[in-house]
Amino acid sequence: MTTFKDLGLSEHVLSTLTAMGFETPTPIQAGAIPLVMAGHDLIGLAQTGTGKTAAFGLPMIEKLMVDGKRPDPRNIRALILAPTRELVNQIAANLKEFVKKTPIKVAVVVGGASINKQSEQLARGVDILVATPGRLLDLVNRRAVTLTQARYLVLDEADQMLDLGFIHDLRKISKLVPKNRQTLLFSATMPKAIAELAGEYLSDPKRVEVSPPGKAADKVEQYVHFVAGASQKTEILKKTMNDNPDGRAMVFSRTKHGAEKLMKHLEHVGFSVASIHGNKSQGQRERALKAFRDGDIRVLVATDVAARGIDIPGVTHVYNYDLPEVPDAYVHRIGRTARAGRDGIAIAFCAPDEIRLLRDIERLMNIDIAVASGEVPADRARPKGARGGNGARNAQRPAGDGHNQRRARPQGGSDNAPRAERTAPSAFAGDELLVDANGQQKKQHRKGQGPAATAAHEAAVAKRGNRNGRPGQKQGQWRNRGGNGGGGNGGQQGQRRQGGGQRRDEA
DNA sequence: AAAAAAT
């Protein structure tokens, strides 16, 4: 088996990894590290949760060490761009762990934080700068930083950067970094625009793809409640959370306003909750995330600012309080659970005006999400032939759709089935690159899922709560606690060695 | 149509 040693990393970095509990590289690490070490440009097709940060961070640190230079003031040696402030902070936190025993300096540049402090830090010399594009350009314009010595450029979550309209900023930044550089691009999906971006900024890139994308979402047990409206969503949400007192939940809302309103309500009825969205100050966002990560609060109500990449160990439930307008976002949201080899449950609420969105999601993922409760709307069924002549699919549904419970994924032993037999990564199959001979097989496999009873759902939910819950925690943990009653960091510790190099998936 | 990101 491949070890980090085999990948050409120095003793220095290796000893840090050992101290951190890393032994076995994840697939993307095993694939990418040697290529980066060899100096290639790289396209990494990988979701968050695959160990991306280490995949580019470790070899980059290694090469910076070998170069042996010290950074000039205001002149960085490596630049990492990511779409949200939270992601930037998370990447930097990981890198800071990796460079602990080295003289390499890592700094963060994001909006919403003191620009003067960032400026001062850059003046003291920074090797690796992790940034959101807007603030970086701001600092460049103020001459607080120059990119002319940046020999490494990483574009993380490139698809989201494009979605968020960062393309213009990326163009500006690309003109400021030297031509003679190594560029690494990571993206969960490979739409045309990303391929074009890669063609523009990468030279003769190698490609690393973690098999099969969408796997994280695969491990998530998914259910949908058909509801009449928001108040019913809230009632079911509260009941389900109370039924799972050991759980940790992320609740996604479509709007910032909606997220805030829901958070206030949950707080009012006694849940230990915070919210995170674009109307919150950066300080508030970071405090909310930290409190949730530390286990001080059990529920985080969020907009899609937190849908991608955010890595919080031990999230047991993801609630889609509102279904997202963009079906991709659903996949990213539910990917906040079932991380680091754990299980997870995703519960969606579907109001009458959201059925179209549910259909889009089910079509994208090529699954039928199991119905947990509610009247199944007549127009839920996808039109025949909507999926390329696979009209037979509907015929696979249980006769008498009146009690229309279906599983989103196989149960039990099927998890151990060969990868090709497992559920399809179709959320990411929009591009031709991922469509392979297995695609059809996977679809077949899915189609075969029989009906599942609500009782099974309840049992699974109950069981899941235990399996995922942190040992020793009592009922009522959703409620506000007086002090930090011993929850603390236990979860994170407990995860430490899990799955070798994957124990914290973004690390 | 909403969200994020520079102020």
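The shown structure was predicted, so the numbers you read here are calculated from the model rather than taken from an experiment. Lettering of chains follows the sequences in order, A, B, ..., and the numbering in each one begins at 1.
- With sequence neighbours left out, F56(A) forms a ring pair (Phe, Tyr, Trp, His ring centres under 6.0 Å) with F186(A).
- A salt bridge (Lys or Arg N to Asp or Glu O under 4.0 Å) check over residues 178-199 of chain A, counting only residues at least two apart or in different chains, returns nothing.
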query = Which letters describe nucleotides 2-7 of chain B, given B = protein heavy atom under 4.0 Å from base, S = only from sugar-phosphate, - = neither?
reply = SBBBBS

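- Looking at residues two or more places apart in sequence or on another chain, you find a salt bridge (Lys or Arg N to Asp or Glu O under 4.0 Å) between R333(A) and D304(A).
- Contacts of K261(A) classified as side chain to side chain donor-acceptor pair (under 3.5 Å), with partners at least two apart in sequence or in another chain: none.
- Residues meeting the salt bridge (Lys or Arg N to Asp or Glu O under 4.0 Å) test with K105(A), sequence neighbours left out: none.
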